[in-house]
Amino acid sequence: MTETTRTAPRTPATGAGLALLGGPRAVPRDSPGGTWPIITPADEQAVLRVLRSGRLNAASAGETEVAGLEEAWALATGTRHCVAVASGTAALHLALRGLGIGPGDEVIVPALTMNATAHAVYAAGATPVFADIEPDTYTLDPRAAAPVAGPRTAALLPVHLHGLPADMPALGRLAGRLDIPVVEDAAQAHGAELDGRRAGALGTAGCFSLHPSKNLPTCGEGGLITTDDDDLYEQLVRLRNFGELVPTGARSYVAHRAALNARIAPMAAAFTGSQLSRFDDDARRREPGIRGFLDRLAGLPGLRVPGIPAGRTHAWHILRLMPEPEELGLGPEHRAGLRATLHRVLRAEGVPVSQYQVAPLPAHPAFRPAGLSEPAALEQVAERFPVTAAVVDGSLCLQRRHLDPAAGPLLRRYADGFEKVWQHLDLIRRMTLSRPAPGWREVLRRG
Ligand SMILES: Cc1ncc(COP(=O)(O)O)c(C=O)c1O
């Protein structure tokens, strides 16, 4: 983790030169790079191949694109099976149902994640029980998960948020004591590793999203489930297709389980298969630019960059940056204000920072405990999930553009932008103090 003893330097108070005040942008408007996903002629050909074949859905006789992608992703993750489905959310939903999780069961979910993680638990008929995240990795804290586990806990659902595997050894030990499976939400973590094994091979089942923004994208919607468990595989194949058995000849249309249609489209599978052929190469090519960018930001006082615990690798799906108000001479009550100020000033410089998740998930109206007033519910969330609350209020993210393997020069411009803004910390402090920003509670109240 990034340790820092740096102190905020004295800086010019006027802000002269900042783009927000009329100076030149650190990142010129026409700066090249930063496109994601990149669509090559080979990707287009893959989609055309399906269109021209006439096999337009996965139930078409002779369809091979879906099976091809499944085989390739099982190989890439080092798992026995892969089942391609309609989305990352469907992957989570089916993995839970395939493991027999349903009404009356509880599933432990981190308080910081995309809302799909909790929706999938509800869709399976179970109840998400939230636990706080670790401050350094932004992933489910095993020490927070243990106390909320109980007799109804039927699975752990850690999220490898932003591309960093969660602490799977500790979570695996907890699951082992409870005799329950661990389902990985690896929607953001294609290719990330822990102790030499890839995300998707770290639990009982691994669930990936192929959303176009993801490191492994598709040209629509899609998801992948990986597992070594033969029985689970059989269930998943049924659950994605109306509960029907895999046809050996003609389709029977006999439903063996209640289930929806969660099939992926062959065009989506073909596109992803084409992307997959350069996936490792893209990851290798983007690494130096991202490392160089984060190294420069790590040199700025009061700015925490993502750390990688020993034994893990990071897929860098999202880069989360955490300004530390106390290190910049501000009280912790100015966390949201500091983030909002930096957001304005950096965006004016052409650095496209954004907020990823605006409130802890358990505070969203859909996931609040029933029977509590809104103020009481939000107070409870603030008490139970302090790390998540601080992270959503205080941090900024870079998304998507850095995934372009050729984004190195663009990332150098972004680092120039950060360094320029950090020359004006006195002004940043004054702006923060003069313009309070709404924290997550206020954002939720405004709806
Ligand atoms: C952590 C996480 N889980 C689940 C999902 C859901 O995936 P999809 O959008 O493919 O349904 C996403 C998508 O952004 C995600 O980031």
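Atoms within each ligand, like the ligands themselves, are counted from 1 in listed order.
Closest to atom 13 (C) of ligand 1 among all protein heavy atoms lies Lys214 NZ, 3.1 Å. The protein heavy-atom contact nearest to atom 9 (O) of ligand 1 is Ser209 OG, 4.0 Å. Looking at atom 3 (N) of ligand 1, its nearest protein heavy atom turns out to be Asp185 OD2, 2.8 Å. In terms of protein heavy atoms, atom 2 (C) of ligand 1 is closest to Ala187 CB, 3.4 Å.
When each atom of ligand 1 is checked for a heavy atom of Val159 under 4.0 Å away, the hits are 1 (C). For ligand 1, the atoms closer than 4.0 angstrom to any heavy atom of Thr113 are 1 (C). Counting the atoms of ligand 1 from 1 in the order shown, those under 4.0 Å from a heavy atom of Gly88 are 7 (O), 8 (P), 10 (O), 11 (O). The distance from ligand 1 to the heavy atoms of Thr117 drops below 4.0 Å at these ligand atoms: 3 (N).
Surrounding CZ of Arg384 are at most 12 heavy atoms belonging to other residues, nucleotides or ligands under 6.0 Å away. Under a cut-off of 6.0 angstrom, the local environment of CZ in Arg143 is sparse, with at most 12 non-hydrogen atoms contributed by other residues, nucleotides or ligands.
Residue-level proximity to ligand 1 for Tyr356 is carried by the side chain, the only part with a heavy atom below 4.0 angstrom. Neither the backbone nor the side chain of Leu161 comes within 4.0 Å of ligand 1, counting heavy atoms alone. Residue contacts with ligand 1, taken as heavy atom pairs separated by less than 4.0 Å, involve Thr89 via backbone and side-chain atoms alike.
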Pairs of donor and acceptor atoms involving the side chains of residues 212-224, under 3.5 Å and at least two apart or interchain, shall be tabulated with distances.
| residue | atom | partner | partner atom | Å |
| --- | --- | --- | --- | --- |
| Ser213 | OG | His211 | ND1 | 2.8 |
| Asn215 | OD1 | His317 | ND1 | 2.8 |
| Asn215 | ND2 | Ala315 | O | 2.8 |
| Thr218 | OG1 | Ala268 | O | 2.8 |
| Thr218 | OG1 | Thr272 | OG1 | 3.2 |

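Salt bridge status for Glu244 with Arg251: present, with a side-chain N to carboxylate O gap under 4.0 Å. Under a 4.0 Å N-O distance rule, the pair Arg312/Glu193 does not qualify as a salt bridge. One finds a salt bridge joining Arg278 and Asp43 here, because a Lys/Arg side-chain nitrogen approaches an Asp/Glu carboxylate oxygen to under 4.0 Å.
Ser395 and Arg320 form a side-chain donor-acceptor contact under 3.5 Å, judged by distance and modelled atom types alone. Arg368 and Gln380 share no side-chain donor-acceptor pair at under 3.5 Å.
Considering backbone and side-chain atoms alike, His211 places every N or O at 3.5 Å or more from each N or O of ligand 1. At under 3.5 Å, not a single nitrogen or oxygen of Ala116, backbone or side chain, sits near a nitrogen or oxygen of ligand 1.
The closest non-hydrogen atom to atom 16 (O) of ligand 1, taken over His119, Gln188, Glu221, comes from Gln188.
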**Message:** One pair to check against side-chain contact (heavy atoms from CB on, under 4.5 Å): Val183 and Thr204. What are the steps and the verdict?
**Reply:** CA-CA 6 Å; Val183 176; Thr204 311; 5.5 Å; no
